[in-house]
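Sequence lines set the chain letters: A, B, ... in the order given, protein chains first and strands last, and positions in each chain run from 1.
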Number of protein chains: 2
Amino acid sequence: MLVIHTIAELHVHLRGVTGIVLVPTMGNLHQGHLDLVRIARQYGQFVVVSIFVNPLQFGMNEDYSKYPRTLEQDCKMLEQCGADVVFAPSERDLYPQPQQVTVELPPIANELCGAFRPGHFRGAATVVLKLFNIVQPRIAVFGKKDYQQLYLMRQMTAQLNLPVEIIGSETVRASDGLALSSRNQYLNVAERTEAVFLYQNLVGIRLAIMDGATDFFKLERQAMEVLSARGWRVDYVAIRSQSNLAEPTACECNLVILAAAWLGKTRLIDNLEVLRDR
Amino acid sequence: MLVIHTIAELHVHLRGVTGIVLVPTMGNLHQGHLDLVRIARQYGQFVVVSIFVNPLQFGMNEDYSKYPRTLEQDCKMLEQCGADVVFAPSERDLYPQPQQVTVELPPIANELCGAFRPGHFRGAATVVLKLFNIVQPRIAVFGKKDYQQLYLMRQMTAQLNLPVEIIGSETVRASDGLALSSRNQYLNVAERTEAVFLYQNLVGIRLAIMDGATDFFKLERQAMEVLSARGWRVDYVAIRSQSNLAEPTACECNLVILAAAWLGKTRLIDNLEVLRDR
């Protein structure tokens with residue numbers, strides 16, 4: 001496995017390579033990321049994992065500076081999974097000038113997480129577009145954990161006619177159900193115990209929907225109240241259509257429940273797909 | 001020469017083709033376009049000319065609906081120039097959904113022509129990015145006639161790490177000096193006679209700068225006054241730095257004079273590069 005730090009070096013090593021699958025990450029890898037790499041191996045001959053903590057997708061008061069950077073350990077894990085290349089560019093290499101050309105996304109990018117993290121998805125889409133152009137993969141794998149991001153990457157790819165297929169991979173969870181996330185390590189012991197309750201809430205809503213509940217506004221509000229009562233600061237709990245992340249019409253069956261909430265200084269997100277009978 | 005109308009068909013015909021040079025046009029071709037094709041032939045093995053009148057780059061009250069569409073005649077001219085493929089997609093093929101993912105450009109996109117045509121360059125950049133992704137050229141050729149557009153395409157390409165080299169091609173002029181443009185055919189006989197005066201103004205400013213004039217604001221204002229007095233409605237005359245289209249610093253030598261002005265219902269643009277001694 002090669003670890004490459006510059007675009008120029010990457011171009012030399014990828015010359016003539018076809019069937020590239022890209023797994024874009026911010027590093028600090030856990031089993032969720034390794035699962036993306038496993039999926040990538042199934043889809044293509046040559047797996048490139050990018051590791052870049054992208055300043056463009058962090059807000060002013062977010063955790064860019066304290067986001068965990070663990071390149072050496074990440075590379076060990078990726079070597080064992082059979083990645084072919086780790087691409088870990090410097091900020092200077094990816095943003096030699098202030099980035100003034102960016103990707104403007106559909107209005108849904110300003111809802112859900114976008115409403116609480118202005119510019120986040122623009123920053124994420126812009127760096128992914130740059131990585132696509134640099135790596136030129138045939139396929140890219142993203143986790144469903146970042147459901148809205150996955151949706152927006154699909155939209156970007158379709159609307160910009162990018163020659164890339166986007167694969168969404170299932171969320172990997174701890175044994176208690178908590179979605180794996182690099183940010184979980186910010187949690188203290190008490191918070192870690194409580195954290196699973198976000199997921200349990202989603203499961204509760206899913207059961208209610210499968211039992212025939214249709215007052216989604218009420219389900220959302222109840223979940224937010226319950227979380228708040230337990231000490232969470234809730235950004236949102238929302239039941240949306242899988243197809244466009246809009247509020248679902250009465251006849252839509254493919255739903256997704258999305259939530260974001262803070263435990264102390266840590267913002268956690270999770271989501272759960274629901275197929276309901278109609 | 002193949003004339004292709006759908007993305008799917010184009011992909012079939014371009015499979016395995018390398019060294020593609022793209023010449024993006026809106027059709028209604030004149031010698032200026034044919035010169036782009038000639039340059040394209042020098043740079044690559046396989047020349048694709050796209051013809052698409054892009055609604056996204058026209059403003060509400062602009063000439064989208066009356067813009068001349070002359071595909072049959074264009075194809076005859078391109079066949080004689082040795083183009084390999086004409087790609088003339090339908091609006092439905094290029095915009096199957098309302099285009100909600102667009103390219104956000106640097107602030108200079110809102111100056112000069114951008115100040116008078118809000119959203120124009122965003123629309124142009126977005127369709128060019130789509131065409132790049134569809135055609136996957138190694139090189140693309142743009143005319144210097146649309147100087148600000150050429151600059152912004154270079155910026156987009158650099159900042160999005162597109163694997164495309166942008167070639168700028170010299171403006172082709174009529175024997176009297178008027179820059180060739182599809183919009184020239186909107187002019188009546190009297191307007192056509194007057195039209196060359198835009199170019200003559202730029203030449204006058206260039207001479208003044210080469211003679212040592214440094215009060216650019218005065219030169220710009222004089223030119224605008226002279227044009228207005230002759231019946232033009234002037235959008236702008238501006239002396240800028242070639243490197244960033246900003247107002248030039250005292251020590252910059254590579255300048256460009258840009259102008260846009262209306263003769264009756266026709267908006268004409270032109271520009272002239274100036275190298276001054278310092």
Q: Please indicate whether E72(A) has more than 12 foreign heavy atoms, meaning atoms of other residues, nucleotides or ligands, lying under 6.0 Å from its CD.
A: no
Q: Give, as side chain, backbone, both or neither, the part of P98(B) having an atom under 4.5 angstrom from any heavy atom of chain A.
A: backbone
Q | Within 6.0 Å of CD in Q100(B), more than 12 heavy atoms from elsewhere | A | yes
Q) For E247(B), does the CD atom have more than 12 heavy-atom neighbours from other residues, nucleotides or ligands under 6.0 Å away? A) no
(Q) I need the T157(B) OG1 to N133(A) CG distance, nearest 0.5 Å. (A) 9.5 Å
Q: Kindly check if the number of other-residue, nucleotide or ligand heavy atoms within 6.0 Å of CD (Q42(B)) is above 12?
A: yes
Q. Who wins among T126(B), V103(B), I134(B) for the most heavy-atom pairs under 4.5 Å with chain A?
A. I134(B)
Q. Atom CG of L131(B) and atom CG of L160(A): how far apart are they, to the nearest 0.5 Å?
A. 11.5 Å
Q | Side-chain donor or acceptor of Q159(B) paired with backbone N/O of K130(A) under 3.5 Å | A | no
Q) Looking at CG of L162(B) and CG of L129(A), how far apart are the two atoms once the value is rounded to the nearest 0.5 Å? A) 7.0 Å
**Q.** Atom group of L152(A) that falls short of 4.5 Å from chain B, counting heavy atoms
**A.** neither
Q | OH (Y43(A)) with more than 12 external heavy atoms under 6.0 Å | A | no
